[in-house]
Colleague: 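Encoded as structure tokens, here's the structure I'll be asking about.
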Amino acid sequence: MKPDEIKRLPAAESLLYADGLKENEIGKPFIAVANSFNEITPGHIHLNKLVEHVKRGIREVGAIPFEFNTIGVCDGIAMGHEGMKYSLPSRETIADSIEEMVKAHSVFEGIVFIAACDKNIPGHLKAAARLNLPSVFVSAGPMAPGEYDGKKIGVKAAFEAKAQVELGKISKEEYKKIVCSACPGAGTCSGLYTANSMACVTEALGLSLPMCATAAALSEDKNKIAYESGKLIVKLVKQGILARDIMTEQAFENALRLDMAIGASTNTMLHVPDIAKEAGFDFRLERINELSEETPTLVKLDPSSEFFMSDLHEAGGIPAVMAELKPKGLIQDTATVQGSLFDRLANAELKDNKVIRAIENPYDKSGGIAILYGNLAEQGSVIKTSGISPKFPKVFEGKAVAFDSEDEANEFINSGKVEKGSVLVIRYEGPVGGPGMREMLYPTAGISGLGLDTNVALLTDGRFSGATHGASIGHIAPEAAVGGNIALVENGDAIKIDLDKRRIDLLVDEAKLAKRREKWGKDFRLKELPEGVLKNFRQRFL
């Protein structure tokens, strides 16, 4: 049945009147507004106000907004304890809840997605692809950077300060000042971490208005974008432009190129392929390397430089970056929620070539993310190459120090026992082993806080935060819990990382590995889990 027919079913019509609708409003377009407002996540705490601008825009052009809420997890608050295991599963909860609300009622003709944090935006994007209604995204916007000792800082500084104070490198008073200064207010964390990376990807896909990804959370720019998005969704409904008309295979390729050009979070490699699958496309991991090889790195923001999202906005935002890629044929014209991509880029202006480099003068000739293979990652692993210091060798061979959980690794790092030339291996943190595939910023921040970024590598079958920098390789597959070779690493083993060849190898002969595997197979047992989210999440990967 069509939305108008469902509205006129007697029970439905009666209950809609109970919502406060008038008879003359029943025939107007109903617009769903999926809002992630909550009072615990800084990226979401202002969305109850931002949504009012969206709804005002919808009403002014003759449609009726219906707001409902879904959840959102703050990865920063969840970081470093068992709570982080629930972060990635929340993406599926978000996508499912939006689908359930829209499909169950079936009266909506379009939907505005108001999303913010790391798994929240991907969850909304998955829902958009499934529902395939006219869709517009309003990302929450970055918070302003903090300030300490005359310098701009972000939440990464608070993580790093923990290792520094525990080893006496800074005083407790300094530590407290950093922690209290890093996050000054509402919005997604101020650097190019996962939340802002996914906002940038969403804009590059064409699902949000220009400059939406970078407009600050509490700015008039963001309020105006929200209002215009409310008006725009009704136009898309009248034109019959659906989400998948915009979420095309070429649009995903454009978004991945933008991802490479700005050195986005490695978590985009987890989310973008899954969102593409919802839209009907598969992206081979090998294609990621092909795109990266062809796409120069034009932007470096915190955690890889002193620049923040606010600087990217002032420099011209995502349109300015994509406009640099266009003349070289690195992106193609696609549809957006507001005309064609190339029409959008015609108005782009690069205002600061220190923040956004011209394509003739990139930070690097290749992109900011790479997929590594080898006998430690036969199905692939992910590294943020743009976050690695130029002083870190292209070929690094170090001695393994293995841990069976993030907690063990944190204890070791905080003790100050880390030696130069080490490769820290954190395993049993994957989707099955964790379960939940924890994001681990404390280990990487600890290494950074100790000044060992250029001398130590970290490997895991879990994930790293978008705030991570240094030689951190995550998403190693197969993971330890299903018998990947990362389970067989022993302390003192030599591990070789070759960034140019995109390889990561355990330098142990096959005969020794076979003996270790036999022992592992006899000894290993997956830990029992109570009924609930984590057990259900694990089952998806077994």
Side-chain angles (χ1 to χ4, degrees), residues 34 36 70-73 75 87-100 102-103 111-140 188 193-208 212-213 241-260 262 264-285 287-288 291-292 318 322 331 334-337 341 369 371 380 382 431 437 439 463 466 475 537 540-541:
S36 298
T70 188
I71 64 169
V73 171
D75 279 19
S87 175
L88 185 55
S90 78
R91 184 186 74 174
E92 309 313 315
T93 304
I94 292 160
D96 292 348
S97 67
I98 295 172
E99 178 189 357
E100 287 163 358
V102 172
K103 286 287 192 180
I111 182 166
V112 178
F113 297 87
I114 304 178
C117 288
D118 298 37
K119 313 309 170 294
N120 190 261
I121 295 179
H124 282 248
L125 285 165
K126 291 185 77 170
R130 289 180 196 173
L131 294 166
N132 197 30
L133 289 171
S135 300
V136 178
F137 275 71
V138 180
S139 53
T188 48
Y193 311 156
T194 306
N196 289 326
S197 294
M198 287 306 304
C200 293
V201 165
T202 303
E203 185 176 327
L205 276 171
L207 287 168
S208 59
C212 183
I241 297 174
L242 307 178
R244 290 195 191 183
D245 295 332
I246 294 167
M247 301 172 81
T248 62
E249 190 167 9
Q250 183 58 59
F252 278 102
E253 188 151 309
N254 287 346
L256 285 167
R257 286 197 185 275
L258 181 277
D259 186 302
M260 300 300 169
I262 63 175
S265 165
T266 54
N267 282 315
T268 59
M269 295 299 100
L270 186 72
H271 299 312
V272 175
D274 277 5
I275 297 160
K277 285 180 183 177
E278 295 278 8
F281 311 110
D282 282 324
F283 273 98
R284 298 175 295 109
L285 279 179
R287 183 57 178 151
I288 303 296
L291 293 173
S292 184
I318 298 308
M322 297 187 81
I331 57 171
T334 56
T336 78
V337 291
L341 176 64
I369 291 178
I371 308 300
V382 182
M437 203 178 186
E439 186 175 277
R463 300 179 294 125
H475 305 205
F537 184 80
R540 295 177 60 235
F541 298 92

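We're numbering straight along the sequence, starting at 1. Treat the numbers as computed from the prediction; the structure is a model and nothing was measured.
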Colleague: Can Glu92 and Lys119 be counted as an ion pair, charged N to O under 4.0 angstrom?
Modeller: no
Colleague: For Leu256 and Arg287, what are the C-alpha separation, side-chain angles and deciding distance, and is it a side-chain contact (heavy atoms from CB on, under 4.5 Å)?
Modeller: CA-CA 10 Å; Leu256 285 167; Arg287 183 57 178 151; over 6 Å; no
Colleague: The criterion is salt bridge (charged side-chain N to carboxylate O under 4.0 Å, His left out); which residues satisfy it with Asp245, sequence neighbours excluded?
Modeller: none
Colleague: Side chain to side chain contact (heavy atoms under 4.5 Å, CB included) with Thr336: which residues, sequence neighbours excluded?
Modeller: Gln338, Leu341, Arg344
Colleague: Which residues pass the side chain to side chain contact (heavy atoms under 4.5 Å, CB included) test with Pro89, not counting sequence neighbours?
Modeller: Val533, Leu534, Phe537
Colleague: CZ of Arg463 to CG of Leu270: how many Å apart, nearest 0.5 Å?
Modeller: 6.0 Å
Colleague: Roughly how far apart are Leu205 CG and Cys200 SG, rounded to 0.5 Å?
Modeller: 11.5 Å
Colleague: Using the side chain to side chain contact (heavy atoms under 4.5 Å, CB included) criterion, which residues pair with Ala195? Sequence neighbours excluded.
Modeller: Asp118, Thr188
Colleague: Would you please say whether a donor-acceptor pair under 3.5 Å links the side chains of Ser97 and Thr70?
Modeller: yes
Colleague: Should Ile71 and Ser90 be marked as a side-chain contact (heavy atoms from CB on, under 4.5 Å) after you check the CA-CA gap, both sets of side-chain angles, and the distance that decides it?
Modeller: CA-CA 8 Å; Ile71 64 169; Ser90 78; 4.1 Å; yes
Colleague: How long is the straight-line distance from OG1 of Thr334 back to CD of Gln250, given to the nearest 0.5 Å?
Modeller: 7.0 Å
Colleague: About how many Å separate CZ of Phe113 and CD1 of Ile94, when rounded to the nearest 0.5 Å?
Modeller: 12.0 Å
Colleague: Please say which of Leu125, Val136, Val201, Val138 ends up in a side-chain contact (heavy atoms from CB on, under 4.5 Å) with Leu207.
Modeller: Leu125
Colleague: With rounding to the nearest 0.5 angstrom, report the CD1 to OG distance, Ile262 to Ser197.
Modeller: 5.5 Å
Colleague: The criterion is side chain to side chain contact (heavy atoms under 4.5 Å, CB included); which residues satisfy it with Glu100, sequence neighbours excluded?
Modeller: Asp96
Colleague: Is a side-chain donor or acceptor of Thr202 paired with a backbone partner of Met198 at a separation under 3.5 angstrom?
Modeller: yes
Colleague: Roughly how far, to the nearest 0.5 Å, is the CG atom of Leu291 from the CG atom of Leu258?
Modeller: 12.0 Å
Colleague: Going by heavy atoms in the side chains, are Ile111 and Ser135 under 4.5 Å from each other?
Modeller: yes
Colleague: Would you say His271 and Leu88 make side-chain contact, with heavy atoms under 4.5 Å?
Modeller: yes
Colleague: For a side-chain contact (heavy atoms from CB on, under 4.5 Å) check, start with the C-alpha distance between His124 and Ser36, then their side-chain angles and the critical distance, and finish with the verdict.
Modeller: CA-CA 9 Å; His124 282 248; Ser36 298; 2.8 Å; yes
Colleague: Donor-acceptor pairs under 3.5 Å, side chain of residues 275-284 to any protein atom, not counting sequence neighbours: which ones?
Modeller:
from   : atom 1 : to     : atom 2 : distance (Å)
Glu278 : OE1    : Arg130 : NE     : 3.3
Glu278 : OE2    : Arg130 : NE     : 3.1
Glu278 : OE2    : Arg130 : NH2    : 3.2

Colleague: Is there a side-chain contact (heavy atoms from CB on, under 4.5 Å) between Met437 and His475 once you walk through the steps?
Modeller: CA-CA 8 Å; Met437 203 178 186; His475 305 205; 3.8 Å; yes
